[in-house]
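Data first, discussion second: the structure below is written as structure tokens.
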Amino acid sequence: MEPNYSHVPGECSRVAPILSRIGDKWSILVVMLLGDGPVRFNELRRRVGGISQRMLTLTVRGLERDGYLTRTVFPTIPPRVEYELTPLGRSLLIPMRGLGGWVMENLSLIEDSQKRFDQTTRKVRAERPLTPAAGMTFNK
């Protein structure tokens, strides 16, 4: 049975930043990668691919602040840092995996829709005459 949540406009200001964090592409990748167990910072960076050290640092700090992961520093030289999902972070894997599965099941339909939209938009632009905005003139 699905939970019954009603829309409360005043709550949107509390919910929006959380959805923004967990919907961010880097956060999704980090959470998914940590789903297999603890990972060291540099290994996480290699696995994510295409993320700068600064962006990964900001991402894991935000996820740690929100309670999705823990950061453990081991007293070695150089210090070894590992990240691991908390129970809250592991519970987030369930809807993330579900949403990812939904995307994979519908990817072809979505891509076809995007192509049709883009073709229609290009066609409409090509048919629409270029006219100056109010108060503007074209130089000849």
Side-chain angles (χ1 to χ4, degrees):
M1 181 174 208
E2 302 271 333
N4 186 13
Y5 298 108
S6 59
H7 176 72
V8 180
E11 294 294 302
C12 289
S13 62
R14 293 178 59 210
V15 172
I18 295 167
L19 291 175
S20 180
R21 164 92 60 225
I22 63 175
D24 171 78
K25 76 174 184 175
W26 299 123
S27 295
I28 291 170
L29 288 170
V30 167
V31 169
M32 294 303 293
L33 289 170
L34 291 177
D36 295 331
V39 179
R40 292 174 66 174
F41 183 87
N42 286 327
E43 178 63 21
L44 189 57
R45 185 172 172 208
R46 275 191 292 279
R47 288 187 190 178
V48 170
I51 190 171
S52 68
Q53 182 169 336
R54 180 179 186 282
M55 191 68 235
L56 181 56
T57 299
L58 291 172
T59 300
V60 293
R61 277 189 190 159
L63 291 169
E64 182 181 16
R65 179 178 182 262
D66 290 350
Y68 303 114
L69 61 84
T70 58
R71 176 181 185 263
T72 304
V73 180
F74 296 92
T76 60
I77 298 175
R80 188 180 75 172
V81 178
E82 275 187 357
Y83 295 91
E84 183 174 16
L85 292 178
T86 63
L88 179 64
R90 282 192 296 281
S91 73
L92 181 59
L93 284 171
I94 297 164
M96 278 189 176
R97 287 177 176 155
L99 187 57
W102 178 87
V103 168
M104 294 308 295
E105 287 175 16
N106 293 285
L107 191 55
S108 294
L109 293 171
I110 295 166
E111 289 172 338
D112 290 345
S113 179
Q114 290 170 340
K115 286 177 190 172
R116 282 192 309 277
F117 179 88
D118 292 346
Q119 289 169 349
T120 302
T121 302
R122 269 188 244 123
K123 187 177 180 182
V124 169
R125 284 186 191 152
E127 293 171 355
R128 189 179 335 146
L130 189 59
T131 57
M136 295 182 68
T137 57
F138 290 117
N139 294 331
K140 292 185 178 185

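In this chain, residues are counted from 1 in sequence order.
Once rounded to the nearest 0.5 Å, the distance linking CZ of Arg97 with CG of Leu92 reads 10.5 Å. For the atom pair CD (Gln53) and CG (Leu58), the distance works out to 11.0 Å, reported to the nearest 0.5 Å. Atom CD in Glu111 sits 6.0 Å away from atom OG in Ser108 (nearest 0.5 Å). Here OG1 of Thr121 is found 11.5 Å from CD of Gln114. Values are rounded to the nearest 0.5 Å. A distance of 11.0 Å separates OG1 of Thr59 from CD1 of Ile28, quoted to the nearest 0.5 Å. With values rounded to the nearest 0.5 angstrom, Leu19 atom CG is found 12.5 Å from Asp24 atom CG.
Panel note: side chain Ser20, backbone Ala16; no donor-acceptor pair is recorded below 3.5 Å.
Ile110 and Leu99 fall within a single hydrophobic cluster, where Ile, Leu, Val, Met, Phe, Trp and Tyr side chains are chained together by heavy-atom contacts under 4.5 Å. Note on Val15 and Leu88: same hydrophobic cluster, where clusters join Ile, Leu, Val, Met, Phe, Trp and Tyr whose side-chain heavy atoms are under 4.5 Å apart, directly or indirectly. Cluster annotation: Ile22 and Met55 are assigned to the same hydrophobic cluster (Ile/Leu/Val/Met/Phe/Trp/Tyr, side-chain heavy-atom contacts under 4.5 Å, transitive). By the criterion of side-chain heavy atoms lying less than 4.5 angstrom apart, applied directly or through intervening Ile, Leu, Val, Met, Phe, Trp or Tyr residues, Leu63 is grouped together with Ile18 in one hydrophobic cluster. If you chain together hydrophobic residues whose side chains sit under 4.5 Å apart, Leu69 and Ile94 never meet in one group.
Across all their heavy atoms, Val39 and Leu33 have their closest contact at CG2-O, 4.3 Å. Minimum interatomic distance between Tyr83 and Leu34 (heavy atoms only, all atoms of both residues): O-CD2, 3.4 Å. When every heavy atom of Leu93 is checked against every heavy atom of Val31, the shortest pair comes out as CD2-O, 3.6 Å. Taking all atoms of both residues into account, the shortest heavy-atom contact from Pro38 to Glu82 is CB-OE1, 3.7 Å. Of all heavy-atom pairs between Tyr68 and Asp66, the closest is CE1-CB, 3.2 Å. Smallest separation of non-hydrogen atoms from Pro17 and Cys12: CD-O, 4.4 Å.
For the pair Leu44/Val60, a side-chain contact is recorded, criterion being any heavy-atom separation below 4.5 Å from C-beta on.
Heavy-atom contacts from other residues, nucleotides or ligands closer than 6.0 Å to CZ of Arg80 number more than 12.
Applying the salt bridge (Lys or Arg N to Asp or Glu O under 4.0 Å) criterion to Glu43, with sequence neighbours excluded, gives Arg46, Arg47.
Ion pairing between a basic and an acidic side chain is recognised when a charged N comes within 4.0 Å of a carboxylate O; Arg14 and Glu11 show such pairing.
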Before you tell me yes or no, could you show the steps for Phe117 and Thr120 under side chain to side chain contact (heavy atoms under 4.5 Å, CB included), namely the whole-Å CA-CA distance, both residues' side-chain angles and the distance that decides it to 0.1 Å? CA-CA 5 Å; Phe117 179 88; Thr120 302; 5.8 Å; no
